[in-house]
Amino acid sequence: MSLLAVQGGATGTGTVTLLAPVTNTNRTLTLPDVTDTVAGIDATQTLTNKSIVATQLTGTIAVARLPAGSVLQVVQGTTQTSVSTTSTSYVTTNLTASITPTSATSKVFVLFSISGYNDTAGGQSIATVFRGTVAGTNLGATNSSGFGAAFSGAGETMSNISGIILDSPSTTSATTYTVGFKRKTTGTAYVLVDGQLATLTLMEIAA
């Protein structure tokens with residue numbers, strides 16, 4: 001038979017009391033055959049070599065604990081409103097979405113897809129995405145021409161233009177993104193004819 005020994009601390013003057021629960025039932029507490037330290041319910045301690053059944057996990061993980069590259073939130077804007085322009089400066093397509101980053105170091109992954117055409121044979125039209133309004137920061141090509149794809153080149157032939165870019169807004173304030181378009185050459189540029197759906201998706205990415 002092994003023995004249970006209670007040994008006082010080498011230093012200290014306090015008294016540790018083992019208090020039995022209020023019960024009318026005989027209970028057995030089995031101690032493990034290891035040299036270890038007892039963990040307290042109210043103590044702040046780090047568990048090692050332990051596992052937790054997944055069904056016992058509840059609550060949410062703090063954003064600061066997620067690794068870089070994690071998607072923190074996703075928002076989307078859509079529109080089906082037809083717009084046309086003869087301007088060679090960008091006008092809005094009415095396709096917008098707003099996101100409020102949880103951290104100023106977060107990136108915003110921007111994806112948009114929209115369709116349209118130019119009503120003149122050989123005419124070209126382009127689209128881009130802005131941080132803010134169409135008077136804001138053009139996230140397209142550095143020459144401010146957008147994402148470089150034409151809506152059509154043969155007159156009234158529908159085509160699609162899409163853009164993908166990783167932006168660094170460097171803020172925790174609500175940030176709006178807007179898709180703009182313009183006539184690049186001759187003719188009139190149209191988008192979303194016959195109620196077609198355009199989408200703008202924003203994803204906050206942990207840095």
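Basis for what follows: all heavy atoms, side chains included, without hydrogens, waters or symmetry-related copies.
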Heavy-atom closest pair, residues Gln124 and Thr185: N-OG1, 2.7 Å

Quick one: does Thr178's side chain have a donor or acceptor within less than 3.5 Å of a partner on Val134's backbone? no

Test of understanding: clusters of I, L, V, M, F, W, Y form through side-chain heavy atoms closer than 4.5 Å, transitively. Do Val71 and Leu166 belong to the same one? yes

To check you understand the geometry: which heavy-atom pair defines the closest contact between Pro169 and Val108, and what is its length? CG-CG2, 3.8 Å

Lys107/Ser168 under side-chain hydrogen bond (donor to acceptor under 3.5 Å, both in side chains): CA gap, chis, key distance, verdict: CA-CA 5 Å; Lys107 308 291 185 180; Ser168 301; 2.8 Å; yes

Does the Thr85 side chain pair with the main chain of Ser87, one donor and one acceptor, at a distance under 3.5 Å? yes

Stepwise, does the side-chain hydrogen bond (donor to acceptor under 3.5 Å, both in side chains) test hold for Thr102 with Glu204? CA-CA 8 Å; Thr102 58; Glu204 182 185 359; 2.8 Å; yes

Note, Leu31 side chain near Leu4 side chain (heavy atom, < 4.5 Å): yes

So, the side chain of Ser103 versus the backbone of Pro101: is there a donor-acceptor pair under 3.5 Å, distance only? no

Under 4.5 Å between side-chain heavy atoms, counting indirect links through other Ile/Leu/Val/Met/Phe/Trp/Tyr residues: same cluster for Ile205 and Ile164 or not? yes

Can you check whether Ala189's main-chain N or O pairs, donor with acceptor, with Ser84's side chain at less than 3.5 Å? no

Arg131/Asp167 salt bridge by N-O under 4.0 Å criterion: yes

Do other residues, nucleotides or ligands put more than 12 heavy atoms under 6.0 Å from the CG atom of Leu57? yes

Any idea how Phe130 and Tyr90 line up, ring-wise: parallel (<30°), tilted (30 to 60°), or perpendicular (>60°)? perpendicular

Calculate, to the nearest 0.5 Å, the distance between atoms CD and CG belonging to Gln76 and Leu95 respectively. 9.0 Å

For the NZ atom of Lys182 and the OG1 atom of Thr128, what is their distance to the nearest 0.5 Å? 9.0 Å

Show the numbers, then the answer: is there a side chain to side chain contact (heavy atoms under 4.5 Å, CB included) between Gln80 and Leu192? CA-CA 6 Å; Gln80 293 178 271; Leu192 306 175; 5.9 Å; no

Spacing of OG belonging to Ser173 relative to CD1 belonging to Ile99, to within rounding of 0.5 Å: 13.0 Å

Distance (rounded to the nearest 0.5 Å) between Thr133 OG1 and Tyr177 OH: 13.5 Å

Separation between CE (Met203) and OG (Ser106), nearest 0.5 Å, reads 14.5 Å

Would you check, one step at a time, whether the test side chain to side chain contact (heavy atoms under 4.5 Å, CB included) holds for Ile61 with Leu66? CA-CA 7 Å; Ile61 300 175; Leu66 295 175; 4.0 Å; yes

Exactly one of Thr120, Thr188, Asn118 clears side-chain contact (heavy atoms from CB on, under 4.5 Å) with Ser125, and that residue is Asn118

Hey, does the side chain of Thr93 reach the backbone of Val179 with a donor-acceptor pair shorter than 3.5 angstrom? yes

Find out if a path of hydrophobic residues (ILVMFWY) with successive side-chain heavy-atom gaps under 4.5 Å connects Leu72 to Val110. no

Ignoring hydrogens and geometry, is there a side-chain-to-backbone donor-acceptor pair from Gln73 to Thr100 under 3.5 Å? yes

Decide side chain to side chain contact (heavy atoms under 4.5 Å, CB included) for Phe181 and Val91; before the verdict, give the C-alpha distance in whole Å, the side-chain angles of both, and the deciding distance to 0.1 Å. CA-CA 6 Å; Phe181 78 119; Val91 298; 3.5 Å; yes

Less than 4.5 Å apart, any side-chain heavy atom of Val83 and any of Asn94? yes

Between Ser115 and Asn160, does the side-chain hydrogen bond (donor to acceptor under 3.5 Å, both in side chains) criterion hold? Intermediate values first, please. CA-CA 4 Å; Ser115 62; Asn160 177 267; 5.5 Å; no

Got a second to check how far Asp33's CG is from Ser2's OG, nearest 0.5 Å? 8.5 Å

Walk me through whether Val193 and Tyr117 qualify under side chain to side chain contact (heavy atoms under 4.5 Å, CB included). CA-CA 9 Å; Val193 178; Tyr117 70 90; 3.5 Å; yes

If you compare all heavy atoms of Ala206 against all heavy atoms of Pro67, which two are closest, and at what distance to 0.1 Å? CB-O, 3.7 Å

